[in-house]
Asker: 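What follows is a single structure, and I will ask about it in a moment.
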Amino acid sequence: MCGIIKINRFSENWIILLGNLYLLLVNVLVIGSGGREHALSWKLSQSSKVETVFTAPGNGGTENNVPIDVNDLDGLAEFAQKNNCFTVVGPEDPLAAGIVDKFNKLNLKVFGPSQAAAQLESSKIWAKNFMKRNNIPTARFEIFDDAQKAIEYLKSIDYNVVVKADGLAAGKGVIVCNSDDEAISAIQTILVKKTFGDAGNKIIIEERIDGIEASYIALSDGNVALPMASSQDHKRIFDDDKGPNTGGMGAYSPTPIVTDALAKKIQEEVIEKTIHAMNHEGISFKGFLYAGIMIKDGKPYVLEYNVRMGDPECQPITVRMNFDLYDYFIASVDGTLSSMPLLSWKDQFSVCVVLASNGYPGSYSTNDEITGFDSIPNGTNVFHAGTKKSDGKILSNGGRVLGVTSLGDSLESAINNAYLAIEKINWSNKFCRTDIGKKGLSYF
Ligand code: AMP
Ligand code: GLY
């Protein structure tokens, strides 16, 4: 009898302890539907502190999808409130619309920058003026809202230019020009034809800098910024950086282009300077701060800021993380990053090759069945982007469809692993670049 009572008390204590542990677990809501959000959801679901990761609206690869649009801030807030979620915002649009401010007002915990801080990405003019007044290295520029004046200005300068729409244009509002004729046509596309709508009410004409591009991303809590592993994107649609710009056709990490000395320079002269200058102007920057960098003659120039993780950079960076990402997101929100251990990374290379639908970034077909997921070897993650599930099948549902992401002990082996895995995946309109990571190889 005594023994039975003892066993019951013991079990009771365990039940209470497990119950308490369960109560300590949190739900996470990741907002977005791209490869970046699949990678973030995948990593966050590995945290011992996380119960369920929901993704809104998610894609064919993410679990626990919630059918709420990224711009439906009320719907997202209601879901987060009901399900007691810590929210992670993936893309720029809801950040620019003020989702973080809204959630904060409702006492909902959310990772990402405020609307004021998101101006670094949502207005290229705001960002350029900010860099100019704070001596952050960037290309020289002028701002116009009148096409005729912009064309007259072109005649007064003797260097190639890049014409940029001021507002968010889904990564398409930047036209890199090789001649005055191309620049005039770019001015007309944005200011006269209004191809990007109100995002093109004003333009920037800036000096084109011909150098090597890299992505430098740091995690900030408003005071300190911890650098993520370095990475390099491939923005053009075709091999050897030919053809139009895309959202990104592949990325790898780390990149030998960002040497330790250069990383220190970017960290101090761009990232820390930006965070401190923002504070000085009364804006705290919390979240991922991404500087698109052009390196010329050993000097970094900021081409653009993003106020979020890069896509596809997120995919190769995430698979190298040797830490609990959830802990660092919480520390960013709470302002306690300085007390966290330094980020540690797998001592391996990773490569993400984007599989797109033929025709992207122009028009392309959707609803093609994709096969081969069962044959993917260990060491490779296939992150979904433009996919959806239908009757147990995975169908294409966007321009950038999958991000095949492989690790390897050298950059070369990571590249080989990714391209071997790609052969296993098939659909009728599959397209990818064949040279992702090649630029990095010449540095070894
Ligand atoms: P952004 O969206 O501002 O990063 O621009 C998209 C792409 O355009 C960049 O990744 C670069 O490849 C290119 N670009 C933007 N600004 C410049 C510049 N000043 N000089 C050369 N290329 C640029
Ligand atoms: N990969 C570029 C971007 O995320 O904007």
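The figures here come from the full heavy-atom set of this structure, side chains too, leaving out hydrogens, waters and symmetry mates. Counting convention: from 1, in listed order, for ligands and their atoms alike. Nothing here was measured: the structure is a model prediction, and the numbers come from that model.
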Asker: Show me which atoms of ligand 2 lie under 4.0 Å from any heavy atom of Gly310.
Answerer: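 Per the distance check, 4 (O).
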Asker: Does a sphere of radius 6.0 Å around NZ in Lys299 hold more than 12 heavy atoms from other residues, nucleotides or ligands, not counting ones at 6.0 Å or beyond?
Answerer: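 No - once you tally the heavy atoms of other residues, nucleotides and ligands closer than 6.0 Å, there are 12 at most.
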Asker: By side chain to side chain contact (heavy atoms under 4.5 Å, CB included), which residues pair with Lys235, not counting sequence neighbours?
Answerer: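 Result, side chain to side chain contact (heavy atoms under 4.5 Å, CB included) vs Lys235: Glu213, Asp233, Asn245, Tyr290, Glu304.
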Asker: Can you confirm if the aromatic rings of Phe288 and Phe329 lie within a centre distance of less than 6.0 Å?
Answerer: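 Judged by ring-centre distance (under 6.0 Å), Phe329 and Phe288 do meet the cut-off.
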Asker: Any atoms of ligand 2 less than 4.0 Å from a non-hydrogen atom of Asp233? List them with their elements.
Answerer: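 Every atom of ligand 2 under 4.0 Å from some heavy atom of Asp233: 1 (N), 2 (C).
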Asker: May I ask which of Arg308, Met309, Glu304 has a heavy atom nearer to atom 4 (O) of ligand 2 than the others do?
Answerer: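 Ranked by closest heavy atom to atom 4 (O) of ligand 2, first place is Arg308.
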Asker: Indicate, with yes or no, if the rings of Tyr305 and Phe285 have centres closer together than 6.0 Å.
Answerer: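 Ring-ring flag for Tyr305/Phe285: false, centres at least 6.0 Å apart.
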Asker: With hydrogens left out, which residues have an atom under 4.0 Å from ligand 1, given that only heavy atoms count?
Answerer: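 These residues qualify: Lys124, Val162, Lys164, Val174, Val176, Glu206, Glu207, Arg208, Ile209, Glu213, Lys235, Asn245, Met294, Leu303, Glu304.
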Asker: Between Thr255 (side chain) and Ser230 (backbone), is there a donor-acceptor pair under 3.5 Å?
Answerer: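 Side chain of Thr255 to backbone of Ser230, a donor-acceptor pair under 3.5 Å: no, none is there.
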Asker: Heavy-atom contacts with Gly247 under 4.0 Å: which atoms of ligand 2 show up? List them by number with element.
Answerer: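 Answer, ordered by atom number: 1 (N), 2 (C).
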Asker: Between Glu313 and ligand 2, does any nitrogen or oxygen pair lie at a separation below 3.5 Å?
Answerer: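 Among all N and O atoms of Glu313, at least one is under 3.5 Å from an N or O of ligand 2.
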Asker: Under 4.0 Å from a heavy atom of Tyr290: which atoms of ligand 2 are those, numbered in the order shown and with their elements?
Answerer: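 Matching atoms, with element in brackets: 1 (N), 2 (C).
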Asker: Taking atom CD of Glu412 as the centre, does the number of heavy atoms from other residues, nucleotides or ligands within less than 6.0 Å exceed 12?
Answerer: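 12 or below, so no.
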Asker: Of all heavy-atom pairs between Leu29 and Leu76, which one has the smallest distance, and what is that distance?
Answerer: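 Closest heavy-atom pair between Leu29 and Leu76: CD2-O, 4.1 Å.
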Asker: Can you tell me if Tyr326 and Gln46 form a side-chain donor-acceptor pair at under 3.5 Å?
Answerer: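 On atom types as modelled, these side chains do not qualify, holding no pair under 3.5 Å.
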Asker: Work out which heavy atom in Leu168 is nearest to a heavy atom in Ala96; give both atom names and the distance.
Answerer: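 Minimum heavy-atom separation between Leu168 and Ala96: CD1-CB, 3.9 Å.
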